[in-house]
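What you see is a predicted model, and the numbers here were worked out from it, not measured in a lab. Any value given below was found using the heavy atoms of this structure, including those in side chains, with hydrogens, waters and symmetry copies removed.
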Amino acid sequence: MHRRCKEVEAVAGEDIDMNKAIISVKALVKIYKMGDVEVHALRGVNTDIMKDDFVAIMGKSGSGKSTFMNIIGCLDVPTRGQYLLDGVDVSSLTKDQLANLRNHKIGFVFQSFNLLSRTSALENVELPLMYNKKITSREMRERSLNALEAVGLADRAHHFPNQLSGGEQQRVAIARSLVNNPVVILADEPTGNLDTRTSLEVMGIFQKLNQQGITIVIVTHEADIAAYTKRNISFRDGRIIKAIEVDKPRNAAEELALMPVIVEEDDL
Amino acid sequence: MKMKNLLIATVRSLSKNKMRTFLTMLGIIIGVASVIAMLAIGQGSKQSIQAQISTLGTNVLMIWPQASSTGGVRMEAGSSQKMTLEDVTAISDRCPAVAYVTPQVRTSGQLVNGNMNWRTSVFGVYPNYFEIRNLRLSSGSLFSMNDDRSATKVCVIGQTVVTNLFGVNADPIGSFIRINKIPFKIIGITEKKGQNAFGQDQDDMVIAPFSTVQKRMMAITHIQSMLASAKTESLIPTASQEITEVLKAKRNLGPSEDPDFTIRTQTDIANTATATSGILTILLATIASISLLVGGIGIMNIMLVSVTERTREIGIRMSVGARGRDVLLQFLFEALLISLLGGFIGVTLGVLVSQLIANILSWPVTITIQSILMSFIFSSAIGIFFGWYPARKAASLNPIDALRYE
């Protein structure tokens, strides 16, 4: 009974006014204990991420950006501090409640795509909806096909990941992150395993989704990828050292159109 | 997670690795098939023994006098001469649970017909012996109590005796043979009964009226044993009790004193014989169960490997909202489905193998519903038991570590 109440609470609040923060963290501290040694991954982070924002989180490895990502992705809980996701205080939730929150409010995109192998693109995209009790099989199929269409892969629905290029695999992963209508998409180095051109494609999709009103947070260490976002937050040693608005975000779709077309030999 | 989605996820992940799924299943298949086949063989031999025991007759009780002793030297069982026809009358008069009772004497006789001769047992009994022993005549007629009273020299003979004295397919009804030089008229031939549970040929005997054998052939006044039948199978213990009481009373023996006779019932004999085949069944089933157990350990092994191999998948599932319970159930269902499917194929295979054994080796084989149900329950229990630990391991993974796992 208790769980059901929480579930309802988590789903509520679909319409958020423009000024409301989707993600709001205050004095976030994360300490890992490696044996006797304490590692301070986050040393008091304060930030708000508003609806419709497109944020790049930057920093060297060990700067705490991944830990930050894990916490705002509800994969991990902070040691101290407050984290409100879409108005819900996450800090005190149980494992199951966190899973439920991930299912309803968050979409993940990973550097290494993380698609299920030997599973069709469509079935991969369906995955988050499998864990949503309220969705019927037909709805699941429809929404998954729509998500694939949104990333331009409707014709590849029945391909397996090993039959898709890296860029296509990442687009399937984006479709998967979209399918549950999350309040925010979190992407961890989404272009890290991709070449320049496919990176542009992926950033183009993110920009398009952002224009449709989806809040996106990406982690990257590439400055030129961050240039396609609206706001850059830099981490160092577990703290935010710089948060800047990007003056004039670059437009991935336009740049892609200007790039010389490379004809893959396979396609001949 | 909805039950339907859980099943879909389970089937999808099993069908992704068809070969591995099949090989894992193989342990259960072989285990279940051998349990089914072994139990079928065990049950079959048990039933065929029971069928043979039933050739003794219906609800039979055998009453033997105790061994006699002369000056402290004890003789063989049944050598006492204290049993008389009065005992037979007393039992038939005063034991309501007893349907029939007949005295029995047995001697061996040299049978002669022309130039052919044969040695066999000659039984002297009342005509109701045929009721007790479920004997039927294939031709001719039975002697009567009048024949017994007048000690008529008539006899009924078994098929083996016919073959040995008259040749195959002969019809000796009405012919005379000499038994120990006494001429007997053959009035009937018994139906073929075959071997009994102990390998004796039940068609190799001569049956004649009691008085004829007792007085004319053996020249004795006592009877060697009695054969009785209870009215129903459930009345066998009651009949045995009644006979004991009547005979003890006739001998002025108190209830606590040891009787000078022994009663053996058909149930006793059947129990002894089936106990042996029961032990055999248990032995076979145990060996088969061990292979089922090994199959279960195979499932656990593969599931454990699979948890490690699929760590990343578990991480992905958790990142999109799978709770620990969802992962646990999926792995448990996979193990359960493997063992149930294996159980199903195993049962089919077991039935086929049993039929093959029945046809090729012509062993008696009986497949019982119980053994099929038991195999199913056992194999699903194995699935849950051996699937539990790997499933728990999968469910307890931390999503961050699982996603990072290489």
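- Counting heavy-atom pairs closer than 4.5 Å to chain A, the top-ranked of the candidates B/Leu403, B/Asp326, B/Ile316 is B/Ile316.
- Summarising the geometry of B/Gly315 relative to B/Ala402, their closest heavy-atom pair is CA-CB, 3.5 Å, with the distance given to 0.1 Å.
- Counting heavy atoms from C-beta outward, A/His158 and A/Leu122 have side chains that approach closer than 4.5 Å.
- Atom-to-atom distance recorded for A/Thr215:OG1 and A/Phe54:CZ is 11.0 Å, nearest 0.5 angstrom.
- Taking each heavy atom of A/Val125 and A/Pro128 in turn, the nearest pair found is O-CD, 3.1 Å.
- When atom types are taken as modelled, the side chain of A/Asn103 and the backbone of B/Val320 share a donor-acceptor pair closer than 3.5 angstrom.
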Go through the steps to decide whether B/Val365 and B/Gln355 satisfy the test side chain to side chain contact (heavy atoms under 4.5 Å, CB included), and finish with yes or no. CA-CA 8 Å; B/Val365 157; B/Gln355 295 301 337; 5.5 Å; no
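- Contacts from residues 111-121 of chain A to chain B, taken as heavy-atom pairs separated by less than 4.5 Å, involve A/Ser112, A/Asn114, A/Leu115, A/Leu116, A/Ser117, A/Arg118, A/Thr119 in sequence order.
- Atom CD1 of residue A/Ile225 and atom CE of residue A/Met58 lie 10.0 Å apart, to the nearest 0.5 angstrom.
- In the displayed structure, B/Leu361 atom CG is contacted under 6.0 Å by more than 12 heavy atoms of other residues, nucleotides or ligands.
- Interface residues of residues 62-80 of chain A toward chain B, defined by a heavy-atom distance below 4.5 Å and sorted by number: A/Asn70, A/Leu75, A/Asp76.
- For A/Leu129, the part lying near chain B is the backbone, with the side chain staying farther off; criterion is any non-hydrogen pair under 4.5 Å.
- Heavy-atom contacts from other residues, nucleotides or ligands closer than 6.0 Å to CD of B/Glu233 number 12 or fewer.
- Of the atoms belonging to A/Ile135, it is backbone heavy atoms, and not side-chain ones, that fall under 4.5 Å from chain B.
- Between atom CZ of residue B/Arg323 and atom CG of residue B/Leu328 there is a gap of 11.5 Å, rounded to the nearest 0.5 Å.
- Nearest heavy atom pair, residue A/Thr220 against residue A/Glu222, reads OG1-N, 3.1 Å.
- Among residues 371-401 of chain B, the residues having any heavy atom closer than 4.5 Å to a heavy atom of chain A are, in sequence order, B/Pro399, B/Ile400.
- Atom CD of residue A/Gln170 and atom CG of residue A/Leu164 lie 12.0 Å apart, to the nearest 0.5 angstrom.
- Side-chain atoms of A/Glu149 never come within 3.5 Å of backbone atoms of A/Ala154 as a donor-acceptor pair (strictly under, hydrogens ignored).
- Counting heavy atoms from C-beta outward, B/Thr281 and B/Leu39 have side chains that approach closer than 4.5 Å.
- In plain terms, the two heavy atoms of B/Thr366 and B/Gly44 that are nearest each other are OG1-CA, 3.3 Å.
- Residues of residues 3-38 of chain B lying under 4.5 angstrom from chain A, judged on non-hydrogen atoms, are B/Lys4, B/Asn5, B/Ile8, B/Ala9, B/Arg12, B/Lys16, B/Asn17 in numerical order.
- Distance OH/A/Tyr83 to CG/A/Leu28: 9.5 Å, rounded to 0.5 Å.
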Please determine whether side chain to side chain donor-acceptor pair (under 3.5 Å) holds for the pair A/Ser91 and A/Asp89, giving the CA-CA distance in whole Å, both sets of side-chain angles, and the decisive distance to 0.1 Å. CA-CA 6 Å; A/Ser91 325; A/Asp89 189 353; 3.0 Å; yes
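- In terms of modelled atom types and a separation under 3.5 Å, the side chain of B/Arg317 and the main chain of B/Val327 share no donor-acceptor contact.
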